[in-house]
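All figures in this text were calculated on a predicted structure; none of them were measured in a lab.
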Number of protein chains: 2
Amino acid sequence: MRAKILLVEDDASLIELVTYNLEKEGFDVVRTGDGEEALTLAEEEKPDLVILDWMIANLSGIEVCRRLRRAPATANLPIVMLTARGDEADRIRGLETGADDYMTKPFSPRELVARIRAVLRRLRPALQGGALEFAGIAMDTTAHRVTRDGRTVQLGPTEFRLLRHFLEHPGRVFSREQLLDAVWGRDVYVEQRTVDVHIRRLRKAVNAGPNGEELPDLIRTVRSAGYSLDAVPAMQAA
Amino acid sequence: MRAKILLVEDDASLIELVTYNLEKEGFDVVRTGDGEEALTLAEEEKPDLVILDWMIANLSGIEVCRRLRRAPATANLPIVMLTARGDEADRIRGLETGADDYMTKPFSPRELVARIRAVLRRLRPALQGGALEFAGIAMDTTAHRVTRDGRTVQLGPTEFRLLRHFLEHPGRVFSREQLLDAVWGRDVYVEQRTVDVHIRRLRKAVNAGPNGEELPDLIRTVRSAGYSLDAVPAMQAA
DNA sequence: CGGTTTCGTGACGCTTTTGTTACAGCGCCT
DNA sequence: AGGCGCTGTAACAAAAGCGTCACGAAACCG
């Protein structure tokens, strides 16, 4: 999942510099140089993090920070202040107003990215390790939650591990033996056909549509080889 | 609740300076100048945050940071690096190794405190004396009061700590072992099934409605994984 | 086109995991 | 001392998930 960042800054050359570096690192960037608009965008764009300059039009960065914290919808939004005001008093004021980090200009773009990552690592764990996603199937391993096109999918422990294994290696074909090793454990010994049954259960759960509908099957059977999770639904014979 | 901070630093005058400022601000301080000992203390003292110097005896600060992150018991422990190594490359390395913030010497003690507060505010909300709230459950950690949709909920000490832990990490699944570590303490050893009983007591108290009614259960059981506090009540099959 | 192999599917005991209740011990307060 | 609230453990009940089998369908092969 890509993280979206709201950049609130009015210096054109800085906007370009920061945007370039963030996009290079895989972030989506939304920009504004206006304090009032920043508040609106923070609600509407639902960014994962805000970078705030102090001196901007209409509302100071510190005031934007305060209002973001006060509004329930954005009270939890990660904020990094990035400003020329580098006095001790300013830094402390920024942090105490609710900023999660505070950097002063001039700054290193790479350090900015590192600090953003550090903040997101704590506050949006789903963006880091815990999230797997492929072909409309999303898995949050820390919350133990799976969704298909937004609808939550109910899985038993074994199906969960099985799906995770597929999501970790999308497109790759695994033999029943490999799956038993990876999902059940190297020492456990069960019939290979057991895999079939769990594939069946996994398919049933993942392909269940809104009501009684069937969604396209993303688990491909490779005859005499095994199974794989695949973005392209199997072809149809009319 | 007072927060406990582990200060890993070997310069005597700095130790004094930092300790003085932290204690003045209401933190408990545990100190060591030794990298190996830092790891031990991080486990045994259960600090709420670690301040790490880079140049210390036995293990470098960066290595201590890496090992703390790797050990499950301390993987989540907030870390602030405080060091003379201020190159861009060092800062980035520190942050990418898992530090939550990175300050360089010389530094302002008041800024250090502000940054520590900023980190703790996010990672240990309960320490700020503030209110925790999630999905209609509100907890005032200082007054030791809990309400569900406005009605006050009566909890025993253990259930209170258990709920607080869930509120601090909403949505996340914890194994019984993790809960015992976090809520009972790392050194206490009780049966894992004890957790089940307290979950039961917590559910009973939190889900008690106006008269004899049952409110939707917000504590989700994740079979063979643990429990989590969750906004979405489990779905029903008719 | 039969024969053969491989896979899909539903049913069914069995085991594991969790829910629930009861109880005995402990510390604390009056 | 007695009562009271809280805790951890055990024991039993309920639920959920698991692995295997049997049979039919589909794919493959000559």
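Residues Ile199(A) and Thr221(A) are not in side-chain contact: their nearest non-hydrogen atoms beyond the backbone lie 4.5 Å or more apart. The shortest distance between side-chain heavy atoms of Ile116(B) and Phe27(B) falls below 4.5 Å.
Residue Glu191(B) places its side chain closer to dT9(D) than to any other of dT9(D), dT7(D), dG19(D). Checking dG19(D), dT9(C), dG19(C) against every side-chain atom of Arg193(B), the shortest atom distance belongs to dG19(C). For Val197(B), counting side-chain heavy atoms from C-beta on, the closest listed nucleotide (dC18(D), dC21(D), dT9(D)) is dT9(D).
Checked by atom type and distance alone, the side chain of Arg122(B) pairs as donor or acceptor with a backbone atom of Asn76(A) at under 3.5 Å. Using modelled atom types, one side-chain atom of Arg69(A) and one backbone atom of Leu77(A) make a donor-acceptor pair closer than 3.5 Å. Put simply, the side chain of Asp48(A) gets close to the backbone of Lys4(A): a donor and an acceptor are under 3.5 Å apart. Listed for the Arg121(B) side chain is a donor-acceptor partner under 3.5 Å among the backbone atoms of Ala99(A). Counting only distance, with no hydrogens or angles, the side chain of Arg203(A) and the backbone of Asp217(A) share no donor-acceptor pair below 3.5 Å. With Arg115(B) contributing its side chain and Tyr102(A) its backbone, the two residues share a donor-acceptor pair below 3.5 Å. Thr32(B) places a side-chain N or O within donor-acceptor distance of the main-chain N or O of Asp34(B), the cut-off being under 3.5 Å.
Residue Ile199(B) contributes atom CD1, which lies 11 Å from atom P of dT18(C) at whole-angstrom precision. Following rounding to the nearest Å, Asp217(B) (CG) and dT20(C) (P) show an atom-to-atom distance of 9 Å. Between the CG atom of Asp196(A) and the P atom of dG8(C) there is a distance of 6 Å, given to the nearest Å. Between Glu214(A) atom CD and dG8(C) atom P there is a gap of 14 Å when expressed in whole angstrom units. One interatomic measurement links the two molecules: NE2 of His144(B) to P of dG5(D), which rounds to 19 Å at whole-angstrom precision. Taking atom CG on Leu162(B) and atom P on dT7(D), their separation rounds to 11 Å, with Å as the unit. At whole-Å resolution of the value, CD in Gln154(A) and C1' in dA16(D) are 12 Å apart. Computed from coordinates, the Leu155(A) CG to dG17(D) P distance equals 10 Å when rounded to whole Å.
Between the CD1 atom in Ile79(B) and the OG1 atom in Thr97(B) there is a gap of 9.5 Å [rounded to 0.5 Å]. With rounding to the nearest 0.5 angstrom, the CG atom of Asp100(A) is 10.0 Å from the CG atom of Asp101(B). Atom CG in Asp53(B) sits 7.5 Å away from atom CE in Met81(B) (nearest 0.5 Å).
Backbone-only contact: Tyr227(A) has heavy atoms under 4.0 Å from sugar-phosphate atoms and none from a base. The residue Glu159(B) sits close only to the backbone: its heavy atoms come under 4.0 Å of sugar-phosphate atoms, none of a base.
Residues Pro157(A) and Gln192(A) both approach DNA chain D. Their nearest nucleotides, taken by heavy-atom distance, put Pro157(A) toward the 5′ side.
Put simply, the side chain of Arg203(A) and the base of dG8(C) share no donor and acceptor less than 3.5 Å apart.
For dT6(C), neither phosphate oxygen OP1 nor OP2 lies less than 4.0 angstrom from any side-chain nitrogen or oxygen of Ser224(A). Look at Thr221(B) and you'll find a side-chain N or O under 4.0 angstrom from OP1 or OP2 of dG19(C).
For DNA chain C, runs of at least 3 consecutive pairs of the Watson-Crick or G-U wobble type, with both hydrogen-bonding distances under 3.5 angstrom, map to C:1-30 with D:1-30.
Nearest heavy atoms, Val64(B) versus Leu59(B): CG2-CB, 3.9 Å.
Taking a 4.0 Å limit (strictly below) on heavy-atom distances, residues 164-188 of chain A reaches DNA chain C at Arg176(A).
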What's touching nucleotides 23-30 of chain C from the protein side, N or O pairs under 3.5 Å?
none

Write down the protein N/O and nucleotide N/O pairs, taken from nucleotides 24-30 of chain D, whose separation is under 3.5 Å; answer none if there are no such pairs.
| unit_1 | atom_1 | unit_2 | atom_2 | d |
| --- | --- | --- | --- | --- |
| dA27(D) | O4' | Arg223(A) | NH1 | 3.4 |
| dA27(D) | N3 | Arg223(A) | NH2 | 3.4 |

Anything under 3.5 Å between a donor and an acceptor, one on a side chain of residues 155-163 of chain B, the other on a protein residue two or more places apart or in another chain? List them.
| unit_1 | atom_1 | unit_2 | atom_2 | d |
| --- | --- | --- | --- | --- |
| Glu159(B) | OE1 | Gly156(B) | N | 3.2 |
| Glu159(B) | OE2 | His198(B) | ND1 | 2.7 |
| Arg161(B) | NE | Val183(B) | O | 3.2 |

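Applying the side-chain contact (heavy atoms from CB on, under 4.5 Å) test to Glu177(A) and every residue at least two apart in sequence or in another chain returns Ser175(A), Gln192(A).
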